[in-house]
Asker: 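Quick one: the structure is below, and I'll ask about it shortly.
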2 protein chains.
Amino acid sequence: MMQSRQSDALRAAQLYYLQDLTMDAIARELRTSRSTVSRLLSAARDSGLVQIQIRSPLDTGPELEGMIRAEYKVDVHVVPVVDTLNEAETLDRVAMQAARTIGPLVDSNAIIGVAWGSTLSAVSRHLTRKITHDSVIVQLNGAGNMQTTGITYASDIMRRFGSAYGARVEQFPVPAFFDHAATKKAMWNERSVQRILELQARMSIAIFGVGSVDADYPSHVYAGGYLDEDDLNVLANSDVVGDVATVFFRADGSSDGITLNARSTGPDLAQLRQVRRRICVVSGASKINGLRGALAAGLATDLILDEASARRLVRFDGLG
Amino acid sequence: MMQSRQSDALRAAQLYYLQDLTMDAIARELRTSRSTVSRLLSAARDSGLVQIQIRSPLDTGPELEGMIRAEYKVDVHVVPVVDTLNEAETLDRVAMQAARTIGPLVDSNAIIGVAWGSTLSAVSRHLTRKITHDSVIVQLNGAGNMQTTGITYASDIMRRFGSAYGARVEQFPVPAFFDHAATKKAMWNERSVQRILELQARMSIAIFGVGSVDADYPSHVYAGGYLDEDDLNVLANSDVVGDVATVFFRADGSSDGITLNARSTGPDLAQLRQVRRRICVVSGASKINGLRGALAAGLATDLILDEASARRLVRFDGLG
DNA sequence: TTCCCATCTGCACGTTTGTGCATAGTGCTT
DNA sequence: AAGCACTATGCACAAACGTGCAGATGGGAA
């Protein structure tokens, strides 16, 4: 009997979305009450049975998207926001739309790399369910730091992704940054770590935000006790503009010779670029410099960002 | 300024479907009235900007779909209908759901073969718009007969497909059946005809119904004056069970030695089977024998049919 | 300029939909 | 068999939505 609920939901969804019946009519057809139908439909929606997708007409699309798409060769989704919204509300909206945009891209047998940070945390809260088979969520970079193991925060994000897509979750239990490059080297030879690295090498989708060194509200990485005073000084005095998954880069997208990267735990940029679908989510105009670097480095195939950032991205285009 | 309507619609759609705002809130954001937003959204829906799709969970799906899928190796969509509906209402529902199921499958650069008949006519009336580039709609078989040229009826169907998908329409201006096989042979060497045949050979999608010889309400082909008395007698006394696009076949799916086929204008079965996606739409339980033959012949990759027919299809499975 | 036609807009109303709450059902434990 | 915890259901109300209509708006043609 419990079984029939799922199939009722399917039936209701067909009648409602594909045949334009009213809930009332559907209720009579299923011999139940209208309110039950309402609930069946919302269950159908957030169990991923019903997929709603918006395909912006690539040609006639809003000029903003067109310009960014042309300039950086990424598939861009600009999230409309009003400027009365504060930082947190904007993030929430971007995250919601990002989550729903990602949904349709996820498929069975996918290996999905997920970074962590405030952006990804927000996205993870808005994921819509979609049942897949044999998918894996793999953590892109370590989360431990000097104060905590960072486990709960990062693993909450991972867990949400896992349960939304019915996927196995593979955590990456190392610190965000090693204190000594040698330790990283040693760990990278451990078989437990190699298992994760191999998964990462086979990723079909990667999802990440960007950190920007000069952001008004600095990213977790710069503020959360992951780096010590010396490291921060080195960063401030170099020409590094931002990071993706703890790996730093300059405005022109280059990353060679940045010593800190020898201690960070995310996939190096060349490896990241191998991933077929690389989704970058950005909210907040102060991340603009980091974002420019990431785009210059060709790290993203898909970019989801708020309207204000999109404007800044095209406006001051030449400058740093 | 006219331009802004399209982009308002996109924006409204994002806010409504991806961010769950109410129309009221969207109206304030766009500085317009709620009713305008309601209209923008419905414009967005039926211009194909918003795509709603239902993915039945292949495993846990209703047993009926599962059984058919397993038995005939087709991707099946059972359209739920109540048994109080009459033939015409059922057709309408099946057609609406078929139209919306087809939508997401159509892509740019597609060559779409379309048959004609009461089923396809109904489907064509319910198509939802979707803008594609360089797609072509090509007519699968001729439509002329003894009384009329059949042009308007068939071409209305074609035109609707064309305008729904923004595609070029290629008609096939020959009779449904030639009187003499020799005439067909001659025509098939004409360059104007060969142009169509070449398009058909490159189809990426074919959409058709089935005719069933013993249907209660006979298909157009059997009733519309396309065949003469003698032809119908021959059919009745042979073991032919039905046709797809004027090409006849037997219950086991074979079609060799059916002389009428030398005079019919649709693609032969072997050629049809080359098409990547072959969508068969069936409404009305009396077409069941024709449908069995078509499935036995492996003509469809996707089957959309009403629930009652689906039941009959699995129930009496062994019999003819 | 003036007029006209076609389209867009907001209002008001009726319809459709979401949801808190009390109740009924279901399965599991003791 | 009774009790319990949990979930599903229907009702009633409030919120959200669609649409006919009348007035506004805009872009030609005379």
Side-chain angles (χ1 to χ4, degrees), chain A residues 1-52 54 57 60 62 80 82 92-93 96-97 99-100 125-126 128-129 131 163, chain B residues 1-54 57 60 62 80 82 92-93 96-97 99-100 125-126 128-129 163:
Chain A
M1 269 297 86
M2 239 0 5
Q3 161 66 336
S4 84
R5 203 180 154 80
Q6 171 80 342
S7 88
D8 274 0
L10 176 62
R11 196 173 169 125
Q14 293 182 123
L15 294 169
Y16 191 78
Y17 288 107
L18 302 182
Q19 295 186 27
D20 280 347
L21 300 204
T22 72
M23 294 187 182
D24 213 6
I26 298 170
R28 283 196 297 278
E29 201 153 304
L30 297 185
R31 295 164 201 294
T32 180
S33 76
R34 196 187 50 69
S35 17
T36 297
V37 174
S38 169
R39 283 187 264 253
L40 281 175
L41 286 174
S42 71
R45 274 190 304 269
D46 46 48
S47 71
L49 217 115
V50 175
Q51 298 267 77
I52 297 181
I54 295 189
T60 168
V82 273
D92 208 55
R93 283 202 183 197
M96 185 180 305
Q97 187 159 332
R100 301 200 180 175
R125 268 171 243 277
H126 290 291
T128 51
R129 300 181 74 76
I131 297 93
S163 74
Chain B
M1 271 299 85
M2 235 11 348
Q3 163 66 336
S4 83
R5 202 179 156 79
Q6 171 81 343
S7 87
D8 274 2
L10 175 62
R11 197 175 167 122
Q14 291 180 128
L15 294 169
Y16 191 79
Y17 289 107
L18 302 182
Q19 294 187 28
D20 279 350
L21 301 204
T22 71
M23 294 188 183
D24 216 3
I26 298 170
R28 283 195 297 279
E29 198 152 309
L30 298 185
R31 298 165 199 293
T32 181
S33 74
R34 196 183 52 69
S35 14
T36 297
V37 174
S38 168
R39 282 186 266 255
L40 281 174
L41 286 173
S42 69
R45 275 190 303 269
D46 46 49
S47 72
L49 216 106
V50 176
Q51 298 267 80
I52 297 179
Q53 192 168 166
I54 295 189
T60 166
V82 273
D92 209 55
R93 284 202 181 196
M96 184 178 307
Q97 186 157 334
R100 300 199 179 175
R125 268 173 242 276
H126 290 291
T128 52
R129 299 182 74 75
S163 73

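Chain identifiers are assigned alphabetically (A, B, ...) following the order of the sequence lines, protein sequences preceding nucleic acid strands; residue numbering begins at 1 within each chain. Given the structure is predicted, the values throughout are model-derived calculations rather than measurements.
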Asker: Are OP1 or OP2 of C:dT17 and a side-chain N or O of A:Y16 less than 4.0 angstrom apart?
Answerer: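 Yes.
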Asker: Given D:dC17, C:dT16, C:dT9, identify the nucleotide with an atom nearest to the side chain of B:T36.
Answerer: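 My answer, after comparing the listed nucleotides, is C:dT9.
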Asker: Picking from D:dG18, D:dA16, C:dC21, which would you name as closest to the side chain of A:R39?
Answerer: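 For A:R39, the side-chain atoms sit closest to C:dC21.
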Asker: I'd like to know if B:E29 and A:R93 make a salt bridge, using a cut-off of under 4.0 Å between side-chain N and carboxylate O.
Answerer: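 Yes, this pair counts.
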Asker: Using whole Å, report how far CZ of A:R45 lies from P of C:dG18.
Answerer: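 That distance rounds to 6 Å.
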Asker: Testing the 3.5 Å rule here: is there a donor-acceptor pair between the side chains of A:Q97 and B:Q14?
Answerer: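 Per modelled atom types, A:Q97 and B:Q14 side chains form a pair under 3.5 Å.
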Asker: Using the side-chain heavy atoms of B:R34, tell me which of these nucleotides is nearest: C:dG18, C:dC13, C:dG10.
Answerer: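 Ranking C:dG18, C:dC13, C:dG10 by closest atom to the B:R34 side chain puts C:dC13 first.
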Asker: Salt bridge between A:D20 and B:R100, side-chain N to carboxylate O under 4.0 Å?
Answerer: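 Between B:R100 and A:D20 there is a salt bridge, with a charged N closer than 4.0 Å to a carboxylate O.
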Asker: Would you say a side-chain N or O of A:T32 is under 4.0 Å from OP1 or OP2 of D:dG10?
Answerer: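 Checking D:dG10 against A:T32, a side-chain N or O does come within under 4.0 Å of OP1 or OP2.
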Asker: Taking atom types as modelled, find out whether A:T36 and A:S33 have a side-chain donor-acceptor pair closer than 3.5 angstrom.
Answerer: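 There is such a pair (donor and acceptor under 3.5 Å, judged by atom type) between the side chains of A:T36 and A:S33.
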Asker: According to a strict under-4.0 Å criterion, is A:S38 in side-chain N/O contact with OP1 or OP2 of C:dT17?
Answerer: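 No, because none of the side-chain N or O atoms of A:S38 sits under 4.0 Å from OP1 or OP2 of C:dT17.
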Asker: Categorize A:S35 for me: base, sugar-phosphate, or nothing, with a 4.0 angstrom heavy-atom threshold over every strand shown.
Answerer: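 The residue A:S35 makes base contact.
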Asker: Under 4.0 angstrom, heavy atoms only, what part of the nucleic acid is A:S42 near: base, sugar-phosphate, or nothing?
Answerer: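 Since no nucleic acid heavy atom lies under 4.0 Å of A:S42, the category is nothing.
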